[in-house]
Asker: 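One structure, as structure tokens, below. Some questions next.
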Amino acid sequence: MSNAPPVTIDALRAFFVSAPFMVDLGIVPTACAAGRVVTHVELAAQHFQHTGVVHAGVIGAIADHTMGAAAQTMAPDGHWVLTAEFKVSLLRAGRGQRLECIGVVVKPGRQLSFTEAEVFAIDGDQRTLIAKASDTTAVVE
């Protein structure tokens, strides 16, 4: 959208810090452009379930917020995006030291935007796709 404010990594970091749940999980943005956001989380004991793999809730949370942030980069000034529909497909168990998520806007809109994300587990120098997700976000004043 043409009247969206320019995207900066500092503005994106402030956006993430304003979400207490993202702070609690340790999810931080690492790169951004209009319609694209990259985030990561360094994995700690609280991120794993009883079987030793990353909890699906952590994977869903990083995907949802990263996609929402990507949509926010395309929203007009003075507007917010809210998740209206969310889907995550868990492709394989997450293991490693870090998760990385790439969220992109597929179709921006005045009232609804559609986004997608891929979540990767980073284990040493191995990067494995563990989830794909999609969001429909509502654009509200």
Side-chain angles (χ1 to χ4, degrees), residues 1-124 126-141:
M1 295 186 166
S2 60
N3 58 347
V7 181
T8 67
I9 193 68
D10 289 336
L12 189 60
R13 287 182 180 133
F15 178 73
F16 272 72
V17 169
S18 71
F21 186 52
M22 293 300 106
V23 173
D24 287 348
L25 287 175
I27 297 170
V28 296
T30 58
C32 66
R36 185 177 190 276
V37 171
V38 180
T39 59
H40 82 265
V41 60
E42 298 295 329
L43 295 172
Q46 76 236 29
H47 298 113
F48 293 91
Q49 59 160 290
H50 62 285
T51 62
V53 299
V54 178
H55 195 286
V58 175
I59 296 166
I62 194 172
D64 180 50
H65 205 73
T66 303
M67 290 183 290
Q72 188 66 50
T73 69
M74 306 286 293
D77 203 16
H79 289 70
W80 292 100
V81 299
L82 301 171
T83 301
E85 181 180 49
F86 172 57
K87 180 186 187 295
V88 63
S89 296
L90 303 167
L91 306 175
R92 58 187 53 87
R95 294 182 173 86
Q97 298 81 42
R98 177 167 61 105
L99 295 183
E100 179 182 79
C101 182
I102 301 168
V104 296
V105 175
V106 175
K107 192 229 174 260
R110 288 179 307 208
Q111 296 179 324
L112 295 173
S113 291
F114 185 79
T115 58
E116 292 180 339
E118 293 183 327
V119 181
F120 299 88
I122 312 297
D123 192 7
Q126 184 157 7
R127 187 172 185 259
T128 305
L129 179 66
I130 62 169
K132 291 193 68 103
S134 62
D135 255 0
T136 301
T137 57
V139 181
V140 298
E141 280 191 74

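Count residues from 1 along the sequence.
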Asker: Side chains of His47 and Val41: closer than 4.5 Å at any heavy-atom pair?
Answerer: yes
Asker: Can you list the steps and then say if Leu99 with Phe120 is a side chain to side chain contact (heavy atoms under 4.5 Å, CB included)?
Answerer: CA-CA 6 Å; Leu99 295 183; Phe120 299 88; over 6 Å; no
Asker: Which heavy atom of Val105 sits nearest to which heavy atom of Met74, and what is that distance?
Answerer: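 Heavy atoms of Val105 and Met74 come nearest at CG2-CG, 3.8 Å.
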Asker: Parallel, tilted or perpendicular: which fits the ring planes of His65 and Phe15, with parallel below 30° and perpendicular above 60°?
Answerer: parallel
Asker: Under 3.5 Å, side chain of Arg127 to main-chain N/O of Ala121, donor-acceptor pair present?
Answerer: no
Asker: Between Val139 and Pro76, is any pair of side-chain heavy atoms under 4.5 Å apart?
Answerer: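 The answer is yes, as the side chains (C-beta and beyond) meet within the 4.5 Å cut-off.
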Asker: Quick one: pull up CZ in Arg98 and CD1 in Ile122 and give me the separation to the nearest 0.5 Å.
Answerer: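 Reported value, rounded in 0.5 Å steps: 5.0 Å.
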Asker: In sequence, state the C-alpha distance, the side-chain angles, and the governing distance for Thr115 and Val104, and then conclude on side chain to side chain contact (heavy atoms under 4.5 Å, CB included).
Answerer: CA-CA 6 Å; Thr115 58; Val104 296; over 6 Å; no
Asker: Would you say His55 has more than 12 foreign heavy atoms packed within less than 6.0 Å of its NE2?
Answerer: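 Counting other residues, nucleotides and ligands, NE2 of His55 stays at 12 neighbours or fewer.
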Asker: What's the shortest heavy-atom distance between Phe48 and Gly96, and which atoms?
Answerer: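 Result for this residue pair: CZ-O, 4.0 Å.
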Asker: Hydrogens and angles aside, do Thr128 and Asp123 bring a side-chain donor and acceptor to less than 3.5 Å of each other?
Answerer: no
Asker: Please lay out, stage by stage, how Leu43 and Gln97 fare under the test side chain to side chain contact (heavy atoms under 4.5 Å, CB included).
Answerer: CA-CA 5 Å; Leu43 295 172; Gln97 298 81 42; 5.9 Å; no
Asker: Answer whether the closest heavy-atom distance between the side chains of Thr83 and Asp64 falls below 4.5 Å.
Answerer: yes
Asker: Do the side chains of Glu116 and Lys132 get close enough for a salt bridge, i.e. N-O under 4.0 angstrom?
Answerer: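 No, this pair does not count.
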Asker: If I compare all heavy atoms of Ala61 with all of Phe21, which pair ends up nearest, and what's the gap?
Answerer: CB-CE2, 3.8 Å
Asker: Report the distance from atom CG of Asp135 to atom CG of Leu112, rounding to the nearest 0.5 Å.
Answerer: 11.5 Å
Asker: Identify the heavy atoms of Thr73 and Ala33 that sit nearest to each other, and give their distance.
Answerer: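 Answer, listing the atom of Thr73 first, then Ala33: OG1-O, 3.8 Å.
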Asker: What heavy-atom pair brings Ala117 and Cys101 nearest, and what distance separates the two atoms?
Answerer: CB-SG, 3.9 Å
Asker: Would you please say whether a donor-acceptor pair under 3.5 Å links the side chains of Thr66 and Thr39?
Answerer: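 Present: a donor and an acceptor within the cut-off.
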Asker: Any sub-3.5 Å donor-acceptor pair from His40's side-chain atoms to Pro29's backbone N or O?
Answerer: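 Absent.
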Asker: Taking atom CD of Gln72 and atom OG1 of Thr137, what is their separation to the nearest 0.5 Å?
Answerer: 9.0 Å
Asker: Let me know which of Ile27, Val23, Val28 forms a side chain to side chain contact (heavy atoms under 4.5 Å, CB included) with Phe16.
Answerer: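 The side chain to side chain contact (heavy atoms under 4.5 Å, CB included) with Phe16 is passed solely by Ile27 among Ile27, Val23, Val28.
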Asker: Treating His79 as the side-chain partner and Asp77 as the backbone partner, does any N or O pair qualify as donor plus acceptor under 3.5 Å?
Answerer: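 Judged by distance alone, yes, a pair lies under 3.5 Å.
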Asker: Rounded to the nearest 0.5 Å, what's the gap from CG on Leu12 to OG1 on Thr30? Could you check?
Answerer: 9.0 Å
Asker: For a quick test of reading the model, state the closest non-hydrogen atom pair linking Ile130 to Gly94 and the distance between them.
Answerer: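 Smallest heavy-atom distance, with atoms named: CD1-CA, 3.9 Å.
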Asker: How many angstroms lie between atom CD1 of Ile102 and atom CD1 of Ile62, to the nearest 0.5 angstrom?
Answerer: 10.5 Å
Asker: Given side chain to side chain contact (heavy atoms under 4.5 Å, CB included), test Cys32 with Val38 step by step and report yes or no.
Answerer: CA-CA 6 Å; Cys32 66; Val38 180; over 6 Å; no
Asker: When rounded to the nearest 0.5 angstrom, what distance separates OG1 in Thr51 from CZ in Arg95?
Answerer: 7.0 Å
